[in-house]
Amino acid sequence: MLTVHYGDLDGVIYNTSVFFNNTYSIEWLKDPFAQQIIKSIDHGIVLGPNAIQTKVLGVIPPEKLSSGTKTLLLMNFMPEKTYNASNCGDNCAHWILQIGKRHDITINPYHLMNFGRRQFTIKVANTGDVVHSIDDLNLIAVRCLKGEPR
């Protein structure tokens with residue numbers, strides 16, 4: 001399940017790009033789900049363990065992937081950690097929901113992420129609420145980000 005905690009939280013990986021660069025495994029790039037993320041977010045095709053073909057940058061190493069892609073890969077392969085989801089744009093929201101179906105993950109955004117109009121299941125750690133729509137999530141998120149009590 002996907003859990004979201006709004007606001008400050010101890011133990012969060014804030015600089016996901018640096019953390020990724022120092023911890024990822026080249027084995028991750030062999031995973032079909034990871035390759036789908038890379039293709040969707042960075043428009044990249046994995047050519048090998050250290051080579052990703054992109055339209056804009058040409059062939060790049062994994063360290064040059066976008067911070068959003070790096071954060072998603074970390075969520076998928078190291079789900080026990082909590083990640084700063086403000087490193088992700090709204091184009092990552094679909095993938096965060098997908099990873100939340102595969103693993104129990106916790107994210108820590110400092111903004112209202114657009115998870116779309118489809119129904120989903122997200123637990124808000126700040127309040128314990130489980131929500132199923134973007135409207136319900138945003139009502140709680142705004143209160144949490146403003147530091148208002150439940």
Given side chains that start at C-beta, do those of M78 and T23 come closer than 4.5 Å, heavy atoms only? yes
Checking I140 against D136 for the side-chain contact (heavy atoms from CB on, under 4.5 Å) test, could you report, in this order, the C-alpha distance in whole Å, the side-chain angles of both residues, the deciding distance, and whether it holds? CA-CA 7 Å; I140 295 169; D136 291 342; 5.6 Å; no
What one should report as the nearest heavy-atom pair of I99 and I105 is CG2-CD1, 3.8 Å
Should L57 and Y24 be regarded as members of a common hydrophobic cluster, given that ILVMFWY residues are connected when their side-chain heavy atoms come within less than 4.5 Å of each other, either directly or indirectly? yes
For a 4.5 angstrom cut-off between non-hydrogen side-chain atoms, does L74 reach F19? yes
Report the relative orientation of the aromatic rings in Y110 and Y14; use parallel for angles under 30°, tilted for 30 to 60°, perpendicular for over 60°. tilted
Look up atom CD1 in I26 and atom CG in N50, then write down how far apart they are to the nearest 0.5 Å. 6.0 Å
For the residue pair T16 and K70, confirm or rule out a side-chain donor-acceptor distance under 3.5 Å. no
Are V12 and I107 connected in the hydrophobic side-chain network, where two residues link if heavy atoms are under 4.5 Å apart? no
Any sub-3.5 Å donor-acceptor pair from D42's side-chain atoms to G44's backbone N or O? no
Applying the 4.5 Å side-chain criterion to the ILVMFWY set and letting contacts propagate, would I134 and L139 be lumped into a single cluster? no
Could you walk me through whether V130 and I122 satisfy the side-chain contact (heavy atoms from CB on, under 4.5 Å) test, starting with their C-alpha distance in whole Å, then the side-chain angles of each, then the deciding distance to 0.1 Å, before giving a yes or no? CA-CA 6 Å; V130 175; I122 295 176; over 6 Å; no
Atom pair CG (L72) and CG (N87), whose distance is rounded to the nearest 0.5 Å: 10.5 Å
In this structure, SG of C144 is separated from CG of N138 (nearest 0.5 Å) by 11.5 Å
Grab the two heavy atoms, one from I52 and one from P62, that are nearest each other, plus how far apart they are. CD1-CA, 4.0 Å
Might you point out which heavy atoms bring Q53 and V59 nearest each other, and give the distance in Å? OE1-CG2, 3.0 Å
Measure across L145 and G7 and return the closest heavy-atom pair with its distance rounded to 0.1 Å. CD2-N, 4.1 Å
Any side-chain heavy atom of D104 within less than 4.5 Å of one from T3? no
Taking H103 for the side chain and N76 for the main chain, is one N or O donor matched with an acceptor at less than 3.5 Å? yes
Quick one: does any side-chain atom of S40 pair with a main-chain N or O of Q36 as donor and acceptor, under 3.5 Å? no
Does a donor on one side chain sit under 3.5 Å from an acceptor on the other, for H43 and T54? no
Quick one: are T69 and I37 in side-chain contact, heavy atoms under 4.5 Å? yes
Is there a side-chain contact between N91 and I41, using heavy atoms and a 4.5 Å cut-off? yes
Check whether the side chains of S133 and D135 place a donor and an acceptor atom closer than 3.5 Å, and report yes or no. no
Pairwise side-chain contact, D129 with K123, heavy-atom cut-off 4.5 Å (strictly under): no
Give the minimum heavy-atom separation between F120 and G116, together with the two atoms involved. CE2-O, 4.0 Å
Exercise: do N108 and T82 side chains pair donor with acceptor under 3.5 Å: no
Kindly indicate, with the supporting measurements, whether the criterion side-chain contact (heavy atoms from CB on, under 4.5 Å) is fulfilled by I96 and M75. CA-CA 8 Å; I96 292 171; M75 287 177 194; 4.0 Å; yes
Let me check something: do L65 and L47 share a hydrophobic cluster, defined by ILVMFWY side-chain heavy atoms less than 4.5 Å apart, either directly or through other members? no
Using 0.5 Å steps for rounding, measure from the OH atom of Y6 to the NZ atom of K146. 15.0 Å
Nearest heavy-atom contact between H111 and S86 is ND1-OG, 3.0 Å
Rounded to the nearest 0.5 Å, the CE atom of M113 sits from the CG atom of L137 at a distance of 10.5 Å
Can you list the steps and then say if F115 with L2 is a side-chain contact (heavy atoms from CB on, under 4.5 Å)? CA-CA 12 Å; F115 287 101; L2 172 58; 4.2 Å; yes
Main-chain N/O of L29 paired with Q35 side-chain donor or acceptor, under 3.5 Å: yes
To the nearest 0.5 Å, tell me how far I13 CD1 sits from T71 OG1. 10.5 Å
State plainly whether one hydrophobic cluster holds both L97 and L112, where clusters connect Ile, Leu, Val, Met, Phe, Trp and Tyr through side-chain heavy atoms under 4.5 angstrom apart. yes
Given the side-chain rings of F33 and W28, with only the six-membered ring counted for Trp, is the space between their centroids under 6.0 Å? no
